**Student:** 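I am attaching a structure below and will ask some questions about it afterwards.
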Amino acid sequence: MLLNQMSVRTSFLIGMTVVGLLGLFFVLASGDVYRDAGLAQQRAALGEQVRTRISELRHELETESQRLVLLVRSEPGFMTAAASGKTALVVRQLDHLFDRPGFSSGRARLAKLQLLDADMTVLASSGQGVPETILSQPACASLYSVAAKRKDTEISRPVTGTCVADKNIYHLSIHSLDERAASGFLLVALDMTPRLTGPENIFNLPVYLSLADGAPFYRSANWPRAEEAENYVVAEQAFNVTPRAPLRVGVSQDIRAFKDELVLAGHNFTAAAVAAMLLVAWLVWLALRKVALRPLQALALQLRKARADKNRLGEHVAVEGGTEIAELSAGFNSMTTRLKELYESLESLAFTDPLTKLPNRTLFHERLEQAIEDAKRDYKPFALFLMDLDRFKDINDTLGHQIGDKLLQQVAARLRSKLRDIDTVARMGGDEFAILLPAVNDKHATMAARMLLQALRTSFRIDEQTLDIGASIGIALYPDHGVDANILIQRADVAMYAAKNSNGGHAFYDGKIDQHNPTRLTLLGELRHAVEQEQFVLYYQPKVDLRNLQVMGVEALVRWNHPREDLLLPDTFVPLLEQTGMIRSLTPWVLNESLRQGQLLQDQGLPITISMNLSVRDLQDPYLADAFAEQLAALQISPRWLELEITESAVMTEPERALEVLARLSAMGLRIAIDDFGTGYSSLSYLKKLPVNTIKIDKSFVIGMERDENDAAIVRTSVDLAHNLKLEVVAEGVENEETLKRLSELGCDTAQGHYISRPLSAEELAVWLKQSSWAIERNPKLLRLHK
Ligand SMILES: Nc1nc2c(ncn2[C@@H]2O[C@H](COP(=O)(O)O[C@H]3[C@@H](O)[C@H](n4cnc5c(=O)[nH]c(N)nc54)O[C@@H]3COP(=O)(O)O)[C@@H](O)[C@H]2O)c(=O)[nH]1
């Protein structure tokens, strides 16, 4: 377990240290074995030396005995005396021999000469030498009986023996005087005690002699004491003297020098073994480091780098090592390359808009945060643009998503091509783009916005079709309009709505126009949803022809069928739809629904004109007339059943464009009414130019005309003006019979108001048209029109 938590390097070092310690232990243990073996060998060598010396001593004594016997045989005096059988003469000769040169000159001291008969009975003994009694002791005398028991054929060979008597050790040998037994035998006794004891013993070492029963016989003065035992080796050898009295010879040898040598050799051996082990360990370490450790460390290092910095993913590590390491490194390199690819594709998925390949909302947010940091550090302003395409929804709905997608791709490419490398352009979703322009002030931002809008004004060519779109850009500046990313985005959003209502197509954030509050934001979100889900419904308010007091048309008025609220009136949401440009998505729906309703009523035999309201944004739409033409054709409805109500202010916002749009609509046969007449700063010169059929006097004058003479004057003047211009007049806001009568007296053509009817749902209208006193059956004008 612990090994699992260690680095390979540490594991290697620990493993090698353990192996090294084990090796050292075995080296030290083998030193002891080696020393013991050395001592055993020393002991064996000493034993061998003792055996050899003893054997040499025997041989030497036997040789000496032979020499003496030959000397004796060559003494005529003795041989004559022996042959004479005269004991005294023989004894004299024997003693005489003792004194002869060469008898006592040997290294073994001559101890006795005896003449024996054929039965090994002593005939004569030399007076010189050791006393007679010593040789007659059983240990020595046994040799006589051994010799006596020999066969005749063995008589010529000497009999030898060793005996211990009277604290001396003797070598005895019995030789025949000649080839015949009858001539007698000669016993030669040599005292070999000095050869085994004393400082000049044959071993030249301290000697310890003991008898068979263990009784000590002799001990050299320098024999080691018990406490010195470890400094000596002792070899023990049986030195057979007679069967009954074997002598054991112990020899000790001082081994201190040898032991010192052993210790020194042991130390040298240990040192050499340790050095060899270290060398082997070092070589193993070098090899392991080269084939395993270095490659693993290189791979681990690369892994750490890649973990710390994702950009280092995919960097290849070139390592040399064994087969497994080569396999590991190849696997590592291919894995890190694959990881890099996966990471990049993930990053691309997470941060890139798949359609336009532009940064997405998430990445834009990151860049915005970074831009704020940079701007704080460098004290440089920057600009944030939020841009929304005009008419994109129409294009998407009418030409299909594929065209819409290609248009977005071309818009993205065009925007990108117009910006600097340091600028960021991102797609926030739908047809909304965000642009970050570092290090620019308000003047640069204005120039950039104009340049981008100009770039988008050039037509787009997609699948053989030429498409024209516009855009609105809202601009928020750092730090003037905010120092926080979310605030800047919100304010650029507010500015974008202002831009939609402006002429230039771009607008800076302005605190005065910012009606930003949570309720408004919620409403905005819900409205977007409502437009997508078509959560609207049309109510219809009848208009009565004052000449016959019968209904002649209805005004279509939109209501929001809010999922949680009651039906919401247009004042609560139409201004917001107009500000945001979303009204342009609602208008086609109102047109479609109005025409469908008109067709239903006509199918029921209730032919009436339907009026619908257009906003200022509709009047700036060059495709509006085309859309109306398409819709009318699709439903096969005559344009004369449709009337469009436009306010003076809507026309006066961009009179030239409005005039162009209205001219086309009028040319198609649609009727045009000026709504809320009298409330705006009417330009009579434009009124003259407009293809208008009707003016609707604003209800604020009509409601008050009974009480306020000024209002009454305005109504009267408006009626006269309209008639002078050959226009029809509608008075709205008729709330009572008196007003209706007064309007009729003034020559007003049509009346609309709560007195006649409040706005009705489609079902209510169908009933009302059949049942009310203003019913259509009694209106011959309309019946005539229908025919
Ligand atoms: N662009 C579009 N604008 C639309 C659409 N539908 C409506 N509108 C605009 O909303 C304004 C308010 O409409 P609404 O709340 O429906 O009010 C209408 C009538 O209910 C009201 N009216 C009618 N008679 C009387 C009356 O006797 N007294 C009284 N106090 N109010 C009355 O007037 C409104 C109709 O006005 P007008 O359009 O000027 O004829 C409305 O002004 C529309 O501009 C839409 O689909 N698109």
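Being a predicted model, the structure only gives us computed values, none of them experimental. Order of listing sets the numbers, starting from 1, for every ligand and every atom in it.
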**Student:** At what distance is the nearest protein heavy atom to atom 31 (N) of ligand 1, and which residue and atom is it?
**Tutor:** Lys699 CD, 3.5 Å
**Student:** With a 4.5 Å cut-off on side-chain heavy atoms, are Arg664 and Asp626 touching?
**Tutor:** yes
**Student:** Judging by distance only, is a nitrogen or oxygen of Val558 under 3.5 angstrom from one on ligand 1?
**Tutor:** yes
**Student:** Specify side chain, backbone, both or neither for Leu557, according to which of its non-hydrogen atoms lie closer than 4.0 Å to ligand 1.
**Tutor:** both
**Student:** Walk me through whether Asp388 and Ser472 qualify under side chain to side chain donor-acceptor pair (under 3.5 Å).
**Tutor:** CA-CA 5 Å; Asp388 161 290; Ser472 308; 5.1 Å; no
**Student:** Got a salt bridge between Lys406 and Asp463, using NZ or NE/NH1/NH2 to carboxylate O under 4.0 Å?
**Tutor:** yes
**Student:** Does the protein put any heavy atom within less than 4.0 Å of atom 17 (O) of ligand 1?
**Tutor:** no
**Student:** Taking the basic N atoms (NZ, or NE/NH1/NH2) and the acidic carboxylate oxygens, is any pair closer than 4.0 Å for Asp676 and Lys696?
**Tutor:** no
**Student:** Do any N/O atoms on Asp571 end up under 3.5 angstrom from N/O atoms on ligand 1?
**Tutor:** no
**Student:** Looking only at protein heavy atoms, which one is nearest to atom 2 (C) of ligand 1, and what is the separation?
**Tutor:** Asn613 CB, 3.4 Å
**Student:** To which protein heavy atom is atom 28 (N) of ligand 1 closest, and what is the distance rounded to 0.1 Å?
**Tutor:** Glu735 OE2, 2.7 Å
**Student:** Could you check whether any heavy atom of Met612 sits closer than 4.0 Å to an atom of ligand 1, since that is the contact criterion I want to use?
**Tutor:** no
**Student:** Closer than 4.0 Å to some heavy atom of Gly753 - which atoms of ligand 1 meet that?
**Tutor:** 24 (N), 27 (O)
**Student:** Can you list the ligand 1 atoms lying under 4.0 Å from a non-hydrogen atom of Pro759?
**Tutor:** 20 (O)
**Student:** With the side chain counted from C-beta on, respond yes when Ile473 and Met496 share a heavy-atom pair under 4.5 Å apart, and no when they do not.
**Tutor:** no
**Student:** May I ask you to list the atoms of ligand 1 that are less than 4.0 angstrom from any heavy atom of Lys696?
**Tutor:** 40 (O)
**Student:** I need the contact type for Asp698 against ligand 1. Using non-hydrogen atoms and a strict under-4.0 Å cut-off, is it side chain, backbone, both or neither?
**Tutor:** neither
**Student:** Out of all atoms in ligand 1, which are within 4.0 Å of some heavy atom of Glu555? Include the element for each.
**Tutor:** 35 (C), 37 (P), 38 (O), 40 (O)
**Student:** Are any of the N/O atoms in Asp676 less than 3.5 Å from those in ligand 1?
**Tutor:** yes
**Student:** Checking a contact table here: which protein heavy atom is nearest atom 23 (C) of ligand 1, and how many Å away?
**Tutor:** Gln541 OE1, 3.0 Å
**Student:** Would you call Lys543 and Glu643 a salt bridge, taking side-chain N to carboxylate O under 4.0 Å as the test?
**Tutor:** yes
**Student:** Indicate yes or no: does Arg596 engage Glu593 in a salt bridge with an N to O separation below 4.0 Å.
**Tutor:** yes
**Student:** Taking the six-membered ring for Trp, are Phe536 and Phe573 closer than 6.0 Å centroid to centroid?
**Tutor:** yes
**Student:** Return the residue, atom name and 0.1 Å-rounded distance of the protein heavy atom closest to atom 13 (O) of ligand 1.
**Tutor:** Pro570 CG, 3.5 Å
**Student:** Which of the numbered atoms in ligand 1 are below 4.0 angstrom from a heavy atom of Glu645?
**Tutor:** 38 (O), 40 (O)
**Student:** So which protein heavy atom does atom 27 (O) of ligand 1 come closest to, and at what separation?
**Tutor:** His754 N, 2.9 Å
**Student:** Under 3.5 Å between some N or O of ligand 1 and some N or O of Gln752?
**Tutor:** no
**Student:** When you measure from atom 42 (O) of ligand 1 to the protein, is at least one non-hydrogen atom found at a distance under 4.0 Å?
**Tutor:** no
**Student:** In terms of residue, atom name and distance, what is the protein heavy atom nearest to atom 37 (P) of ligand 1?
**Tutor:** Glu732 OE1, 3.0 Å
**Student:** In the complex you have, is atom 25 (C) of ligand 1 within reach of the protein, judged by whether a heavy-atom distance drops under 4.0 Å?
**Tutor:** yes
**Student:** Distance under 4.0 Å to a non-hydrogen atom of Val590: what atoms of ligand 1 satisfy this?
**Tutor:** 46 (O)
**Student:** Given Tyr539, which of Glu555, Arg559, Arg758 fulfils the side-chain contact (heavy atoms from CB on, under 4.5 Å) condition?
**Tutor:** Arg559
**Student:** Evaluate Lys741 against Glu738 for salt bridge (Lys or Arg N to Asp or Glu O under 4.0 Å), listing each step before the verdict.
**Tutor:** CA-CA 5 Å; Lys741 275 186 189 164; Glu738 288 74 33; over 6 Å; no
**Student:** Under a 4.5 Å cut-off applied to non-hydrogen side-chain atoms, are Gln631 and Asn592 in contact?
**Tutor:** yes
**Student:** I'd like to know whether ligand 1 has Arg758 as a neighbour, heavy-atom separation below 4.0 Å.
**Tutor:** no
